[in-house]
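The structure appears below as structure tokens.
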Number of protein chains: 2
Amino acid sequence: MNGKATTTRTRLDRGRSALGPALELVHTGRAPTRAVLTAELGVTRATAGAVAAELEALGLIRVDSNPGAAAGSQGRPSHRLAVDEKGPVALAAQVHADGFRAALVGLGGTIVATAPGCVTVSADPAQVLGAVVDAGAALLRETGRRCVGAGLAAPSAVAEPEGTALNPLHLAWPAGAPVREIFAERVRAAGIEGPAFTGNDVNLAALAEHRHGAGRGARDLLCVATGHRGVGGALVLDGRLHTGSAGLALEVGHLTVNPEGRPCHCGSRGCLDVETDPLAFLTVAGRDPGPEVSLLQQARDLLRTSPDDPGVRAATEELIDRLGLGLAGLVNILNPDRIILGGLHRELLHADPERLRAVVADRSLWGRSGGVPILPCTLDHNSLVGAAELAWQPVLDDPLSALGREPATP
Amino acid sequence: MNGKATTTRTRLDRGRSALGPALELVHTGRAPTRAVLTAELGVTRATAGAVAAELEALGLIRVDSNPGAAAGSQGRPSHRLAVDEKGPVALAAQVHADGFRAALVGLGGTIVATAPGCVTVSADPAQVLGAVVDAGAALLRETGRRCVGAGLAAPSAVAEPEGTALNPLHLAWPAGAPVREIFAERVRAAGIEGPAFTGNDVNLAALAEHRHGAGRGARDLLCVATGHRGVGGALVLDGRLHTGSAGLALEVGHLTVNPEGRPCHCGSRGCLDVETDPLAFLTVAGRDPGPEVSLLQQARDLLRTSPDDPGVRAATEELIDRLGLGLAGLVNILNPDRIILGGLHRELLHADPERLRAVVADRSLWGRSGGVPILPCTLDHNSLVGAAELAWQPVLDDPLSALGREPATP
DNA sequence: CGTACTTTGTTTAGTAGCGGCACAAACTCA
DNA sequence: TGAGTTTGTGCCGCTACTAAACAAAGTACG
């Protein structure tokens, strides 16, 4: 076989622009085999094979030539595609009122290692972010994993394009703190490879649920969640977060859901924020919130342990009605094809799903859009996984340039 | 010249996937010259030249080798790119409470011919749509233009994917009328070439303004407008209409803007619909609406002729405050980078722009997003032009297959 | 008025990434 | 064991580009 030198190319010169979409399909679990990958990409088997081979060569996925049971189907069994669990990871960081958490997240949204940390709430963002980045750097050293980048989930709206935290009310941080810049600087200082990103925690939770959780397959996904205080929202359209032109979209906390309701710090009354958050639940239920654990935890415990207590029952129903009103307003404006609830709202849905669905359907204008499925979040640490998604995104968009070959800007 | 046969190909085999984006740039006026086209497409001059040549060969654009003044610039003057005004057209149709209108619209959103028509409001959609399609067919015969397809602007939400009119309240049509199907059938019956599309009029107005009017260049464009009765909204994201999963997004008419306001047919009180439409304006101004001309026309005339009348002044201010509250709510949820107002809302903006902007900024949560520019519609017949955009879309997406070469589904 | 410079358009020669096709491989079914 | 079915691979060629050199058409400036 007088093979010409060109033969050395046949495998690695194939598949470039289809590389990103293919990786995303494996990442989100929508391409378990090469045959499915071929169909999903809309390419030929030859191309899909070459793309899979190149992704394997990059150390991102594995192609199992497994003899695994192709139960009940005819023909040659497909090789299985899976994320390479020994591959690179993204560093994910989260800060909230109670402390912080760092984790390493591989492709597929699997948490490889995690390091919770508690700090006394500090008014200095640089100190907290430095601590969480250091925890992440320690995880990277311990595991020896390659890092593709870092992502931070912040409990505040993040203004675009500056990356400043607009309302970190419950962190005692100064409004307008340049969190993105501080985080990126700390990541660089810790010697962590790759770019650094920052986003709002509810936005990132929605992104994670869309790719790996209850939102998988939705085209227009609305996510609403409580933290310890207040309510946040997020919208994923066609697989991408809609953050609005200034990063301030889906600030749903101040929708009016009770015209005669409690006054809100925004100047209005009866906002979703003050009517459906954990503090509201405890107050309506007639409990004095204690200072020992977080309000969210207290509300959750109360709802789980004594759901039939009259006060708890009344609080549940009132909050469900208020939340339903807010969701109906959002449905009329956004018309999502799925809604996902997190935090206390998830518990309220769990407590009486029929009531919530009925309120939303009743207050939505057109019956059809009121019939939107409302589901609970399903992922653990979804904000953390979402933060990792930010860091993975460049790799999903263009694996070759993101992983160092063909440097984008030399 | 012993030229090989292959030489005959050098011109028409070039430029395929860049063809659509290039046409869209010329269509929206963002590529006045080949040099700009080169930069906008991010391709080489060779490719841009070949693409422009092919679009010219398709009869869609013209390349002027004009000696026209390249005032003040060095270097070789660029050839000018322009839409071919003798090229094909789209048939645009609009129906509203007062009658209908048909038009032929060329690339660039220019109305080539128009035929207004008045029919007594008929409860039979097939009759009205048949009349407007016939008027369009007559225009096509008169002008002898080639037709790329037809689009209909309906004054109602259009449910996806069925294409039924959900709330044609002011047309006396049955709710749930299959307008898309009826329109498509009439278009086929009239022997008009190309596919037929149907959309909501405010949505289509927003699309037209985004491509050819006050919304040009906006990434997230919010459009709010009154017709004769009621209020509609639309959102254009990244150049595409956001219609939601069931076509029901941006049904903003029932946002609460006055908790103690007028009762609305939706069961609530103080909806944007009943608080800021032309009837509300006339009522607050203390005028009895007459039956002779449309409510919108009466309100417009009143506002223009006697803006300093105390009743008119009070009505203007009250409606501006209500509208501002509704817009602020939308800004908090959608965070658009531009807002465009149509119908009576356009007149209200014109009457006191500062007041409206102040209310929106004041009721928006974060100062920055309250500073969103609010502009009046600038296009005549923007719904009609938007309807034509629907019909042009397949050509913009893939000129070759849409214009008959390479039939998509043989 | 001619020369240098700037910018635009064209020609020619590649090349990356895919499709098409034939064939090989691996299984099920009868 | 062989036919049928589905999956993976090697090879060829096409399409839509890029790269680079060249040509053209103007301005700037002596």
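All values reported here derive from a predicted model rather than from experimental measurement. Only this structure's heavy atoms are used, side chains among them; waters, hydrogens and symmetry mates stay out. Below, read A as the first sequence line, B as the second, and so on, with proteins coming before strands; counting in each chain starts at 1.
Ion pair R180(A)/E160(A) flagged as a salt bridge, since at least one NZ, NE, NH1 or NH2 atom sits closer than 4.0 Å to an Asp/Glu carboxylate oxygen.
Taking the side chain of S17(A) as heavy atoms from C-beta on, and the options dG26(D), dG17(C), dT7(D), the nearest nucleotide is dG17(C). Comparing dC29(C), dT7(D), dA21(D) by their closest approach to the side chain of Q74(A) singles out dC29(C). Distance from the side chain of S78(B) is smallest to dG9(C) among dT18(D), dG9(C), dG20(C).
Among the candidates L396(B), V89(B), L55(B), the single residue satisfying the side-chain contact (heavy atoms from CB on, under 4.5 Å) test with L107(B) is L396(B).
The aromatic rings of H27(B) and W392(B) lie tilted to each other, with the angle between the two planes from 30° to 60°.
Between S73(B) and the phosphate of dT7(C), there is no side-chain N or O to OP1/OP2 separation shorter than 4.0 Å. In terms of phosphate contacts, T44(B) brings no side-chain nitrogen or oxygen within less than 4.0 Å of OP1 or OP2 of dC17(D). Put simply, R34(B) has a side-chain N or O that comes within less than 4.0 Å of OP1 or OP2 on dG9(C). Between T47(B) and the phosphate of dT18(D), there is a side-chain N or O to OP1/OP2 separation shorter than 4.0 Å.
For dG8(D), its base sits under 3.5 Å from the side chain of R45(A) at one donor and acceptor pair at least.
Taking atom NE2 of residue H79(B) and atom P of nucleotide dT10(C), one finds them 7 Å apart after rounding to whole Å.
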